[in-house]
Structure formats: structure tokens, C-alpha cells
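Structure, as C-alpha cells:
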Amino acid sequence: SKEGIDALLKKFEGCKLKAYKCPAGIWTIGYGHTSAAGTPTVIDGMTISQKQAEDILRQDLVKYETAVQGLVTQNLTQHQFDVLVDFCYNAGAGALKSSTLLKKINAGDFDAVPAELMKWTKGGGKVLPGLVRRRQAESAWWSSGEPVDEQEQRTDPDPVPVRTMAESKQGNAAVITA
């Protein structure tokens, strides 16, 4: 949907009219278009217009919408479909095809989807804060059909409470031993 494209895909991909290497080291242009998605092939020094970026996005979306329709056997709401298209656009249709995420969806375990999405936060082998925020937004969209509020998004896990020496078992054992 237009709402899904604007609140998820365009928001997290951004639009760059000059080719750049993404954090995973892949040449990218427009709204996150890579050569893996099809034409045009992205090369160093390539530039496009805003209209071309929009055209490439529409072309790429057809591929990912078709992939989601072909892989998912359960009925989805529009916002759930939007989340899976955004996920495929970002991670690739092959990633969805071989994922536990798809197995859970096709088994009708929709409540497991947010946790499965959160497993996909790495790029180039590292957890990327932008992917953490994107997966949080996808999870919220999946669950409620509403985009997540920017202030509610975090890139860090919950802090581990710090205990004093007297409050810890190891600390008490050390005192007793001494």
C-alpha cells in the first residue's frame, strides 16, 4: 500500500540519487535498489533522477510483492502484506523463502512474527542500528497496523541492572570465604 511504502520502505531506505555502497558493501541507488533486484545494474559513479528512483522502486516492488504472494499460504491483512514486502525488499525474497519467519506465518503462528523479524538485524555480519529500528517498525506494523513512533524505537537492548557486591551471590560468597 502507499501507506506501507511511505511509512516503512521509503522511510528506512531513504533516497539517494548517486550510487553508494551500503553497510554490507553493495552498490545501491535510489530507494535501496541493488543490482540483485534487477535492472538497472548499479555501478560506481551512477546517478539517476528522482523520477527514475520512483520508477525503479515501482519496478522492484512488483518483484517483491509477487514473491510474497507466491510464498505465503495464509491470508494476510494489508499491513501484514506491507511488512513482508518491506522485509523482502530489504533482505531479499530468498531470505524470506528459507526463513523460520515464513514457516511460522504459513503455520498460522502470526504472534511469533515480531520476534522472528527481530532476528534480521545484521548487515555485513554486524548488528546495524538502522536495521534494529526497521525491524521494530515492521513488528509494530505487523501487530497493530500502525507505524511505530520514532521516540519509542531503540537501538540498544534493555540495560542489565547493576548490583552492588553485597547484593550479588558471588560478592556474598567472597565475603564469607574471606
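What you see below is based on every heavy atom in this structure, not just the backbone, and it leaves out hydrogens, waters and symmetry mates.
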Side chain of [X], backbone of [Y]: donor and acceptor closer than 3.5 Å?
| X | Y | result |
| --- | --- | --- |
| Thr28 | Ile26 | yes |
| His33 | Gly38 | yes |
| Glu116 | Val113 | no |
| Asp60 | Thr34 | no |
| Thr41 | Ser35 | no |
| Glu13 | Lys10 | no |
| Trp27 | Ile43 | no |
| Arg135 | Trp120 | yes |
| Gln59 | Thr39 | yes |

Interatomic spacing from [atom1] in [X] to [atom2] in [Y] - rounded to 0.5 Å:
| X | Y | atom1 | atom2 | result |
| --- | --- | --- | --- | --- |
| His79 | Leu84 | NE2 | CG | 10.5 Å |
| Asp86 | Lys11 | CG | NZ | 11.0 Å |
| Thr47 | Ile29 | OG1 | CD1 | 6.5 Å |

>> Could you walk me through whether Phe87 and Asp82 satisfy the side-chain contact (heavy atoms from CB on, under 4.5 Å) test, starting with their C-alpha distance in whole Å, then the side-chain angles of each, then the deciding distance to 0.1 Å, before giving a yes or no?
In response: CA-CA 9 Å; Phe87 176 84; Asp82 291 344; over 6 Å; no
>> Against Tyr89, only a single residue in Phe12, Tyr64, Tyr31 fulfils ring-ring contact (aromatic ring centres under 6.0 Å, His included); can you say which?
In response: Tyr64
> Is there a donor-acceptor contact under 3.5 Å linking the side chains of Gln69 and Thr66?
Replying inline: no
>> Taking the cut-offs as 6.0 angstrom to the six-membered ring centre and 45 degrees off its axis, would you call Lys104 and Phe110 a cation-pi pair?
In response: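 Because its charged atom misses either the 6.0 Å distance or the 45° angle limit, Lys104 does not stack over Phe110.
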> If you group Ile, Leu, Val, Met, Phe, Trp and Tyr by side-chain heavy-atom gaps below 4.5 Å, do Tyr20 and Ile48 land in one group?
Replying inline: no
> Side-chain heavy atoms under 4.5 angstrom apart, residues restricted to Ile, Leu, Val, Met, Phe, Trp, Tyr: same cluster for Leu9 and Ile56?
Replying inline: no
